[in-house]
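Everything on this sheet refers to the single structure shown next.
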Number of protein chains: 2
Amino acid sequence: MATADDAPVRVSPALDADTSFLLARASALAATAGNRALSGLGLKVRSYSVLALAAEVGPSQRDLAERLRLDPSQVVALVDGLEERGLVERRLDPSDRRARIVVATPEGLALFARAREAIAGAQRETHAPLTEEEQVALGDLLRRLAYADLQ
Amino acid sequence: MATADDAPVRVSPALDADTSFLLARASALAATAGNRALSGLGLKVRSYSVLALAAEVGPSQRDLAERLRLDPSQVVALVDGLEERGLVERRLDPSDRRARIVVATPEGLALFARAREAIAGAQRETHAPLTEEEQVALGDLLRRLAYADLQ
DNA sequence: TTCAATCATTGACATTCTCAACGACCGGTG
DNA sequence: CACCGGTCGTTGAGAATGTCAATGATTGAA
(Lines give C-alpha, C1' and ligand atoms only; values in the text may rest on other atoms or scores of the structure.)
Protein backbone atom coordinates (compact mmCIF):
# COMPACT_ATOMS: atom_id res chain seq x y z
CA MET A 1 0.00 0.00 0.00
CA ALA A 2 1.36 3.38 -0.94
CA THR A 3 1.61 5.82 1.94
CA ALA A 4 3.43 9.03 2.71
CA ASP A 5 6.20 7.10 4.42
CA ASP A 6 8.62 7.49 1.57
CA ALA A 7 7.89 11.19 1.13
CA PRO A 8 9.89 14.02 2.70
CA VAL A 9 8.61 15.48 5.96
CA ARG A 10 6.70 18.69 5.28
CA VAL A 11 5.17 19.62 8.63
CA SER A 12 5.48 16.50 10.77
CA PRO A 13 5.08 12.80 9.91
CA ALA A 14 1.75 12.49 11.71
CA LEU A 15 0.29 15.69 10.28
CA ASP A 16 1.52 14.98 6.75
CA ALA A 17 -0.65 11.85 6.86
CA ASP A 18 -3.59 13.50 8.62
CA THR A 19 -6.33 14.24 6.11
CA SER A 20 -8.15 16.61 8.44
CA PHE A 21 -4.97 18.65 8.70
CA LEU A 22 -4.41 18.60 4.95
CA LEU A 23 -8.02 19.48 4.28
CA ALA A 24 -7.81 22.42 6.66
CA ARG A 25 -4.69 23.73 4.97
CA ALA A 26 -5.96 23.23 1.43
CA SER A 27 -9.27 24.79 2.43
CA ALA A 28 -7.53 27.82 3.91
CA LEU A 29 -5.45 28.22 0.75
CA ALA A 30 -8.52 27.98 -1.48
CA ALA A 31 -10.52 30.38 0.70
CA THR A 32 -7.73 32.94 0.64
CA ALA A 33 -7.44 32.70 -3.13
CA GLY A 34 -11.21 32.88 -3.51
CA ASN A 35 -11.54 35.91 -1.27
CA ARG A 36 -8.76 37.64 -3.14
CA ALA A 37 -10.44 36.94 -6.47
CA LEU A 38 -13.78 38.23 -5.15
CA SER A 39 -12.45 41.28 -3.33
CA GLY A 40 -12.90 43.52 -6.36
CA LEU A 41 -16.59 42.61 -6.47
CA GLY A 42 -17.22 43.37 -2.80
CA LEU A 43 -17.80 39.71 -2.01
CA LYS A 44 -16.19 36.99 0.06
CA VAL A 45 -16.54 33.27 -0.43
CA ARG A 46 -19.26 33.21 2.21
CA SER A 47 -21.41 35.96 0.73
CA TYR A 48 -20.71 34.48 -2.70
CA SER A 49 -22.18 31.17 -1.61
CA VAL A 50 -25.36 32.93 -0.46
CA LEU A 51 -25.57 34.85 -3.73
CA ALA A 52 -25.10 31.61 -5.66
CA LEU A 53 -28.03 29.98 -3.92
CA ALA A 54 -30.18 33.05 -4.38
CA ALA A 55 -29.33 33.02 -8.09
CA GLU A 56 -29.58 29.30 -8.78
CA VAL A 57 -32.06 28.00 -6.25
CA GLY A 58 -34.10 30.69 -4.54
CA PRO A 59 -34.41 28.98 -1.16
CA SER A 60 -35.94 30.09 2.11
CA GLN A 61 -33.51 31.33 4.70
CA ARG A 62 -34.03 28.15 6.62
CA ASP A 63 -33.18 26.05 3.57
CA LEU A 64 -30.22 28.32 2.89
CA ALA A 65 -28.88 27.78 6.40
CA GLU A 66 -29.18 24.00 6.05
CA ARG A 67 -27.53 23.86 2.65
CA LEU A 68 -24.60 26.03 3.73
CA ARG A 69 -24.47 24.60 7.24
CA LEU A 70 -24.78 28.03 8.74
CA ASP A 71 -26.63 29.21 11.80
CA PRO A 72 -29.90 30.93 10.85
CA SER A 73 -28.65 34.09 12.56
CA GLN A 74 -25.65 34.17 10.24
CA VAL A 75 -27.96 33.94 7.25
CA VAL A 76 -29.82 37.01 8.49
CA ALA A 77 -26.64 39.09 8.49
CA LEU A 78 -25.47 37.75 5.14
CA VAL A 79 -28.80 38.36 3.40
CA ASP A 80 -28.98 41.81 5.02
CA GLY A 81 -25.65 42.71 3.45
CA LEU A 82 -26.63 41.51 0.00
CA GLU A 83 -30.09 43.06 0.20
CA GLU A 84 -28.69 46.48 1.14
CA ARG A 85 -26.64 46.38 -2.05
CA GLY A 86 -29.67 45.44 -4.10
CA LEU A 87 -28.25 42.04 -5.06
CA VAL A 88 -30.97 39.89 -3.51
CA GLU A 89 -34.43 40.44 -2.14
CA ARG A 90 -36.62 38.69 0.41
CA ARG A 91 -39.91 37.54 -1.03
CA LEU A 92 -42.86 36.24 0.90
CA ASP A 93 -43.54 32.55 0.59
CA PRO A 94 -47.22 32.36 -0.43
CA SER A 95 -47.54 29.00 1.31
CA ASP A 96 -45.86 30.04 4.57
CA ARG A 97 -45.92 33.61 5.77
CA ARG A 98 -43.18 32.97 8.30
CA ALA A 99 -40.65 32.11 5.60
CA ARG A 100 -38.65 34.52 3.47
CA ILE A 101 -37.49 33.38 0.05
CA VAL A 102 -34.14 34.78 -1.00
CA VAL A 103 -33.87 35.47 -4.73
CA ALA A 104 -31.26 37.35 -6.72
CA THR A 105 -32.18 40.60 -8.44
CA PRO A 106 -31.03 41.27 -12.02
CA GLU A 107 -28.06 43.11 -10.53
CA GLY A 108 -27.41 40.11 -8.30
CA LEU A 109 -27.54 37.74 -11.26
CA ALA A 110 -25.09 39.92 -13.17
CA LEU A 111 -22.67 40.09 -10.26
CA PHE A 112 -23.00 36.37 -9.66
CA ALA A 113 -21.97 35.68 -13.27
CA ARG A 114 -18.83 37.76 -12.81
CA ALA A 115 -18.14 36.28 -9.37
CA ARG A 116 -18.45 32.76 -10.72
CA GLU A 117 -15.82 33.52 -13.32
CA ALA A 118 -13.57 35.05 -10.67
CA ILE A 119 -13.94 31.95 -8.51
CA ALA A 120 -13.20 29.73 -11.48
CA GLY A 121 -10.01 31.68 -12.12
CA ALA A 122 -8.93 31.36 -8.51
CA GLN A 123 -9.67 27.65 -8.68
CA ARG A 124 -7.49 27.24 -11.77
CA GLU A 125 -4.73 29.01 -9.89
CA THR A 126 -5.11 26.91 -6.77
CA HIS A 127 -5.28 23.69 -8.81
CA ALA A 128 -2.24 24.48 -10.91
CA PRO A 129 -0.15 21.71 -9.27
CA LEU A 130 -2.66 19.12 -10.53
CA THR A 131 -3.40 17.86 -14.00
CA GLU A 132 -6.86 18.25 -15.52
CA GLU A 133 -7.74 14.67 -14.74
CA GLU A 134 -6.50 14.99 -11.19
CA GLN A 135 -8.60 18.11 -10.68
CA VAL A 136 -11.69 16.24 -11.84
CA ALA A 137 -10.79 13.29 -9.61
CA LEU A 138 -10.30 15.59 -6.62
CA GLY A 139 -13.67 17.21 -7.17
CA ASP A 140 -15.29 13.80 -7.34
CA LEU A 141 -13.63 12.59 -4.15
CA LEU A 142 -14.45 15.80 -2.29
CA ARG A 143 -18.11 15.69 -3.33
CA ARG A 144 -18.40 12.16 -2.02
CA LEU A 145 -16.83 13.20 1.27
CA ALA A 146 -18.58 16.54 1.69
CA TYR A 147 -22.01 15.26 0.66
CA ALA A 148 -21.77 11.89 2.39
CA ASP A 149 -24.53 12.92 4.77
CA LEU A 150 -26.98 13.66 1.93
CA GLN A 151 -28.45 10.21 1.27
CA MET B 1 -14.41 15.90 -19.95
CA ALA B 2 -16.29 14.57 -16.96
CA THR B 3 -17.90 17.23 -14.83
CA ALA B 4 -20.61 17.45 -12.20
CA ASP B 5 -23.16 18.35 -14.86
CA ASP B 6 -24.75 14.94 -14.91
CA ALA B 7 -24.89 14.70 -11.12
CA PRO B 8 -27.86 15.70 -8.98
CA VAL B 9 -27.83 19.16 -7.45
CA ARG B 10 -26.69 18.98 -3.85
CA VAL B 11 -26.34 22.61 -2.77
CA SER B 12 -26.35 24.61 -5.98
CA PRO B 13 -24.83 23.90 -9.40
CA ALA B 14 -22.09 26.50 -9.01
CA LEU B 15 -21.18 25.47 -5.47
CA ASP B 16 -21.26 21.76 -6.24
CA ALA B 17 -18.47 22.43 -8.74
CA ASP B 18 -16.57 24.88 -6.52
CA THR B 19 -13.59 23.16 -5.00
CA SER B 20 -13.05 25.86 -2.39
CA PHE B 21 -16.61 25.28 -1.20
CA LEU B 22 -16.19 21.51 -1.18
CA LEU B 23 -12.87 21.79 0.60
CA ALA B 24 -14.42 24.01 3.26
CA ARG B 25 -17.25 21.57 3.85
CA ALA B 26 -15.05 18.49 3.91
CA SER B 27 -12.61 20.28 6.16
CA ALA B 28 -15.38 21.24 8.58
CA LEU B 29 -16.63 17.67 8.65
CA ALA B 30 -13.16 16.29 9.31
CA ALA B 31 -12.44 18.88 11.97
CA THR B 32 -15.69 18.11 13.77
CA ALA B 33 -14.97 14.38 13.69
CA GLY B 34 -11.39 14.98 14.83
CA ASN B 35 -12.42 17.22 17.70
CA ARG B 36 -15.01 14.69 18.80
CA ALA B 37 -12.43 11.90 18.75
CA LEU B 38 -9.96 14.02 20.74
CA SER B 39 -12.44 15.44 23.24
CA GLY B 40 -11.84 12.59 25.70
CA LEU B 41 -8.14 13.45 25.75
CA GLY B 42 -8.68 17.15 26.41
CA LEU B 43 -7.37 18.08 22.97
CA LYS B 44 -8.68 19.70 19.82
CA VAL B 45 -7.28 19.33 16.33
CA ARG B 46 -5.38 22.59 16.81
CA SER B 47 -3.71 21.68 20.10
CA TYR B 48 -3.13 18.19 18.69
CA SER B 49 -1.17 19.63 15.80
CA VAL B 50 1.04 21.55 18.22
CA LEU B 51 1.56 18.44 20.34
CA ALA B 52 2.43 16.47 17.21
CA LEU B 53 5.16 18.92 16.24
CA ALA B 54 6.49 19.00 19.78
CA ALA B 55 6.62 15.19 19.77
CA GLU B 56 7.98 14.60 16.28
CA VAL B 57 10.01 17.69 15.49
CA GLY B 58 10.78 19.86 18.50
CA PRO B 59 10.68 23.21 16.72
CA SER B 60 11.03 26.74 17.97
CA GLN B 61 7.78 28.63 18.41
CA ARG B 62 8.63 30.62 15.33
CA ASP B 63 9.14 27.46 13.29
CA LEU B 64 5.96 26.04 14.75
CA ALA B 65 3.98 29.10 13.71
CA GLU B 66 5.31 28.88 10.16
CA ARG B 67 4.63 25.16 9.81
CA LEU B 68 1.06 25.45 11.11
CA ARG B 69 0.45 28.84 9.48
CA LEU B 70 -0.49 30.35 12.79
CA ASP B 71 0.19 33.79 14.19
CA PRO B 72 3.03 33.67 16.75
CA SER B 73 0.62 35.00 19.36
CA GLN B 74 -1.64 32.00 18.83
CA VAL B 75 1.31 29.70 19.38
CA VAL B 76 1.96 31.35 22.74
CA ALA B 77 -1.54 30.53 23.96
CA LEU B 78 -1.48 27.00 22.57
CA VAL B 79 1.90 26.16 24.10
CA ASP B 80 0.79 27.73 27.38
CA GLY B 81 -2.15 25.38 27.51
CA LEU B 82 -0.07 22.29 26.80
CA GLU B 83 2.70 23.36 29.14
CA GLU B 84 0.30 23.89 32.04
CA ARG B 85 -0.81 20.30 31.63
CA GLY B 86 2.77 19.08 31.61
CA LEU B 87 2.55 17.81 28.03
CA VAL B 88 5.25 20.01 26.53
CA GLU B 89 8.00 22.22 27.84
CA ARG B 90 9.85 25.25 26.54
CA ARG B 91 13.58 24.69 26.34
CA LEU B 92 16.21 27.31 25.70
CA ASP B 93 17.85 27.19 22.33
CA PRO B 94 21.58 27.12 23.11
CA SER B 95 22.34 28.85 19.82
CA ASP B 96 19.71 31.61 20.19
CA ARG B 97 18.57 32.76 23.60
CA ARG B 98 15.54 34.53 22.15
CA ALA B 99 14.04 31.30 20.87
CA ARG B 100 12.07 28.73 22.83
CA ILE B 101 12.13 25.14 21.64
CA VAL B 102 8.89 23.26 22.23
CA VAL B 103 9.39 19.59 23.06
CA ALA B 104 6.97 16.99 24.34
CA THR B 105 7.43 15.54 27.82
CA PRO B 106 7.07 11.78 28.41
CA GLU B 107 3.46 12.46 29.35
CA GLY B 108 3.05 14.45 26.15
CA LEU B 109 4.53 11.64 24.08
CA ALA B 110 2.15 9.15 25.69
CA LEU B 111 -0.87 11.36 25.08
CA PHE B 112 0.25 12.02 21.53
CA ALA B 113 0.37 8.29 20.82
CA ARG B 114 -3.22 7.92 22.00
CA ALA B 115 -4.35 11.07 20.20
CA ARG B 116 -2.81 9.89 16.95
CA GLU B 117 -4.81 6.67 17.19
CA ALA B 118 -7.97 8.66 17.94
CA ILE B 119 -7.36 10.86 14.91
CA ALA B 120 -6.74 7.80 12.75
CA GLY B 121 -10.07 6.37 13.90
CA ALA B 122 -11.90 9.58 13.09
CA GLN B 123 -10.22 9.63 9.71
CA ARG B 124 -11.36 6.11 8.95
CA GLU B 125 -14.87 7.18 9.86
CA THR B 126 -14.77 10.31 7.73
CA HIS B 127 -13.27 8.41 4.80
CA ALA B 128 -15.78 5.61 4.93
CA PRO B 129 -17.43 6.65 1.65
CA LEU B 130 -14.13 6.10 -0.18
CA THR B 131 -12.25 2.93 -1.01
CA GLU B 132 -8.74 2.36 0.35
CA GLU B 133 -7.19 3.36 -2.95
CA GLU B 134 -9.33 6.48 -3.17
CA GLN B 135 -8.30 7.48 0.34
CA VAL B 136 -4.65 7.17 -0.64
CA ALA B 137 -5.27 9.11 -3.85
CA LEU B 138 -7.07 11.86 -1.93
CA GLY B 139 -4.19 12.19 0.52
CA ASP B 140 -1.75 12.45 -2.37
CA LEU B 141 -3.78 15.13 -4.13
CA LEU B 142 -4.31 17.11 -0.94
CA ARG B 143 -0.61 17.03 -0.09
CA ARG B 144 0.25 18.38 -3.49
CA LEU B 145 -2.29 21.17 -3.06
CA ALA B 146 -1.63 22.00 0.57
CA TYR B 147 2.15 21.88 0.24
CA ALA B 148 2.36 23.50 -3.18
CA ASP B 149 4.10 26.50 -1.64
CA LEU B 150 6.89 24.37 -0.15
CA GLN B 151 9.21 24.04 -3.15
C1' DT C 1 29.96 49.72 19.78
C1' DT C 2 25.97 50.63 17.28
C1' DC C 3 21.84 49.35 14.93
C1' DA C 4 18.42 47.07 12.23
C1' DA C 5 16.20 42.65 12.47
C1' DT C 6 14.26 38.58 14.92
C1' DC C 7 11.85 36.00 18.79
C1' DA C 8 8.36 35.52 22.22
C1' DT C 9 4.87 37.92 24.44
C1' DT C 10 1.00 41.01 25.46
C1' DG C 11 -2.98 43.38 24.24
C1' DA C 12 -6.47 45.29 21.25
C1' DC C 13 -9.60 44.52 17.63
C1' DA C 14 -12.44 42.33 13.96
C1' DT C 15 -14.52 38.24 12.34
C1' DT C 16 -16.82 34.08 12.98
C1' DC C 17 -19.36 30.40 15.63
C1' DT C 18 -22.66 28.95 18.86
C1' DC C 19 -26.53 29.42 21.63
C1' DA C 20 -30.74 31.19 23.97
C1' DA C 21 -34.69 33.91 23.64
C1' DC C 22 -38.58 36.22 21.27
C1' DG C 23 -42.72 37.48 18.19
C1' DA C 24 -45.04 35.84 14.20
C1' DC C 25 -46.95 32.06 12.09
C1' DC C 26 -47.93 27.08 10.94
C1' DG C 27 -50.39 22.63 11.39
C1' DG C 28 -53.02 19.59 13.98
C1' DT C 29 -56.23 18.49 18.03
C1' DG C 30 -60.12 18.89 20.85
C1' DC D 1 -63.67 27.74 16.50
C1' DA D 2 -59.84 28.10 20.23
C1' DC D 3 -55.84 26.08 21.69
C1' DC D 4 -50.86 24.58 21.44
C1' DG D 5 -46.54 22.47 20.32
C1' DG D 6 -43.36 23.34 16.72
C1' DT D 7 -41.10 26.24 13.02
C1' DC D 8 -39.20 30.64 10.80
C1' DG D 9 -36.74 34.80 11.00
C1' DT D 10 -34.61 37.95 14.09
C1' DT D 11 -31.95 39.89 17.93
C1' DG D 12 -28.44 39.74 21.18
C1' DA D 13 -24.82 37.73 24.07
C1' DG D 14 -20.73 35.03 24.65
C1' DA D 15 -16.94 32.15 23.20
C1' DA D 16 -13.52 30.99 19.91
C1' DT D 17 -10.50 32.35 16.33
C1' DG D 18 -7.77 35.42 13.20
C1' DT D 19 -5.17 39.56 12.54
C1' DC D 20 -2.29 43.21 13.78
C1' DA D 21 0.64 46.61 16.39
C1' DA D 22 3.87 47.36 20.11
C1' DT D 23 7.53 45.88 23.42
C1' DG D 24 11.69 43.80 25.91
C1' DA D 25 15.36 40.64 25.11
C1' DT D 26 18.57 39.05 21.94
C1' DT D 27 20.97 38.35 17.55
C1' DG D 28 24.01 39.31 13.64
C1' DA D 29 26.31 42.53 10.92
C1' DA D 30 28.33 47.13 9.98
Protein-nucleotides 27-30 of chain D N/O pairs closer than 3.5 Å?
residue	atom	partner	partner atom	Å
D:dT27	OP1	B:R97	N	3.2

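Less than 4.0 Å separates DNA chain C from at least one heavy atom of each of the following residues of residues 54-67 of chain B: B:S60, B:Q61, B:R62. DNA chain C lies under 4.0 Å from no heavy atom of any residue of residues 26-46 of chain B.
With 3.5 Å as the limit, one finds no donor-acceptor pair spanning the side chains of B:Y48 and A:D18. Using a 3.5 Å distance cut-off with no hydrogens or angles, the side chains of A:T105 and A:E89 do not pair a donor with an acceptor. In summary, the side chains of B:E133 and B:T131 do not present any donor paired with an acceptor at a separation below 3.5 Å, with no hydrogens or angles considered.
The shortest side-chain heavy-atom distance between A:L82 and A:L43 falls under the 4.5 Å cut-off.
Taking the charged nitrogens against the carboxylate oxygens, A:R97 and A:D93 have no contact shorter than 4.0 Å, which rules out a salt bridge. A salt bridge does not link B:E132 to B:R124: none of the charged nitrogens lies less than 4.0 Å from a carboxylate oxygen. Look at B:E83 and B:R85 and you find no salt bridge, because none of the NZ, NE, NH1 or NH2 atoms lies under 4.0 Å from a carboxylate O.
Applying the 4.0 Å criterion to OP1 and OP2 of D:dT10, one finds that A:R90 has a side-chain N or O inside that range. For C:dC17, the OP1/OP2 oxygens have a side-chain nitrogen or oxygen of A:Q74 closer than 4.0 Å.
With sequence neighbours excluded, no residue forms a salt bridge (charged side-chain N to carboxylate O under 4.0 Å, His left out) with A:R46. A search for salt bridge (charged side-chain N to carboxylate O under 4.0 Å, His left out) contacts involving A:D80 returns A:R90, not counting sequence neighbours.
What separates CG of B:L78 from P of C:dA8 is a distance of 14 Å, to the nearest Å.
Other members of the hydrophobic cluster containing A:I101, listed by chain and number, are A:V103; membership follows side-chain contacts under 4.5 Å among ILVMFWY residues, whether direct or relayed.
If you find the closest nucleotide of DNA chain D to B:D71 and to A:D71, the one lying nearer the 5' end belongs to A:D71.
With hydrogens and angles left out, the side chain of A:S73 and the base of C:dC17 share no donor-acceptor pair within 3.5 Å.
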